[in-house]
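Read through the structure below, which is laid out as structure tokens, and then see the notes.
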Amino acid sequence: MKPSPRTAQHYIHGGGSVIVVPARICAYLNRYAGLERFRLDNTGVDPEVDALLIAFRVAELAWSNAATGTPRASTPELAPSSEWLSTTQAAGQLHMTDRGIRTAIAAGRLQAESVAGRWRISREALAHFRQTRTLL
């Protein structure tokens, strides 16, 4: 039986004055919501925001290294081929069909890059997708 998804209340502590953000979510937000770019563009505006965004980056790197076994570069870009998987390789790791992987990409549930007309999935994106599948 798969665990049920967590609600917002799971992350709120101290009567709403503190929110706990898992490292995987920090990695997701840094990569796909552009928080790392925001941090770089707004450094020095608010010291508390600076500290929080640095904590997000540290958590992202720790999670990414542990989840993928591949240290992340400081900027997301196409890295050595060992960091990237084909849809067939991703399907094999998740015990899914290639078509199921392509469907997840088309639906926006799995992040992928189109390289020379073929989908390439980062190990980090696959780890995010795997985690969200266990929460459903």
Side-chain angles (χ1 to χ4, degrees):
M1 184 171 161
K2 293 181 182 177
S4 60
R6 294 182 174 145
T7 66
Q9 292 301 338
H10 177 82
Y11 302 104
I12 299 171
H13 299 277
S17 61
V18 175
I19 297 174
V20 176
V21 182
R24 183 185 75 80
I25 303 303
C26 292
Y28 187 90
L29 291 172
N30 274 338
R31 187 159 197 173
Y32 300 114
L35 289 185
E36 181 64 10
R37 172 62 24 214
F38 179 83
R39 180 184 71 80
L40 294 171
D41 290 345
N42 294 283
T43 297
V45 174
D46 183 321
E48 191 172 14
V49 172
D50 288 349
L52 179 67
L53 292 175
I54 288 170
F56 264 53
R57 180 70 173 144
V58 169
E60 170 195 15
L61 292 172
W63 179 86
S64 181
N65 291 342
T68 66
T70 305
R72 277 273 317 274
S74 59
T75 56
E77 55 189 46
L78 290 179
S81 60
S82 64
E83 182 182 340
W84 296 87
L85 303 169
S86 68
T87 54
T88 303
Q89 291 169 320
Q93 287 193 15
L94 296 176
H95 306 291
M96 293 176 64
T97 63
D98 184 62
R99 183 180 183 126
I101 293 293
R102 285 184 275 117
T103 300
I105 293 168
R109 296 187 317 269
L110 174 58
Q111 298 290 327
E113 303 283 331
S114 179
V115 178
R118 297 191 182 271
W119 289 114
R120 294 292 177 245
I121 303 154
S122 72
R123 292 185 186 280
E124 180 182 343
L126 188 67
H128 283 296
F129 182 69
R130 177 183 291 126
Q131 183 68 30
T132 58
R133 286 184 67 218
T134 62
L135 294 176
L136 297 178

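Residue Gln89 holds its CD atom at 7.5 Å from CZ of Arg120, rounded to the nearest 0.5 Å. Rounded to the nearest 0.5 angstrom, Leu110 CG and Leu94 CG are separated by 8.0 Å. Rounded to the nearest 0.5 angstrom, Leu53 CG and Asn30 CG are separated by 7.5 Å. To the nearest 0.5 Å, atom OH of residue Tyr28 and atom OG1 of residue Thr132 are 8.5 Å apart. From Gln93, atom CD reaches atom CG of Leu126 across 5.5 Å, with rounding to the nearest 0.5 Å. In this structure, Arg57 CZ and Leu52 CG are separated by 14.5 Å, a value rounded to the nearest 0.5 Å.
Through chains of ILVMFWY side-chain contacts below 4.5 Å, Ile54 is grouped with Val58. Here Val20 is tied to no hydrophobic group at all, with no ILVMFWY side chain closer than 4.5 Å.
For the pair Tyr11 and Val21, the minimum side-chain heavy-atom distance is 4.5 Å or more. With contacts defined as side-chain heavy-atom distances shorter than 4.5 Å, the pair Ser114/Trp119 qualifies. Within the 4.5 Å cutoff, no side-chain heavy atoms of Pro22 are placed close to those of Trp63. Residues Ile121 and Ile101 have side chains in contact (heavy-atom distance under 4.5 Å, counting atoms from C-beta outward).
Using modelled atom types, no side-chain atom of Gln131 and backbone atom of His128 make a donor-acceptor pair closer than 3.5 Å.
For Tyr32, the OH atom counts as densely surrounded, since its 6.0 Å shell holds more than 12 non-hydrogen atoms of other residues, nucleotides or ligands.
For Ala23 against Ala59, the heavy-atom pair with the smallest separation is CB-O, 3.5 Å.
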Full working for side chain to side chain contact (heavy atoms under 4.5 Å, CB included) between Glu124 and Phe129: CA-CA 9 Å; Glu124 180 182 343; Phe129 182 69; over 6 Å; no

May I have the step-by-step check of side chain to side chain contact (heavy atoms under 4.5 Å, CB included) for Trp84 and Glu113, ending in yes or no? CA-CA 9 Å; Trp84 296 87; Glu113 303 283 331; 3.5 Å; yes

Are Arg31 and Ser122 close enough, and set up right, to give a side chain to side chain contact (heavy atoms under 4.5 Å, CB included), and what steps lead you there? CA-CA 12 Å; Arg31 187 159 197 173; Ser122 72; 3.7 Å; yes

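Identified under the salt bridge (Lys or Arg N to Asp or Glu O under 4.0 Å) test for residues 89-98, with sequence neighbours left out: Asp98-Arg102.
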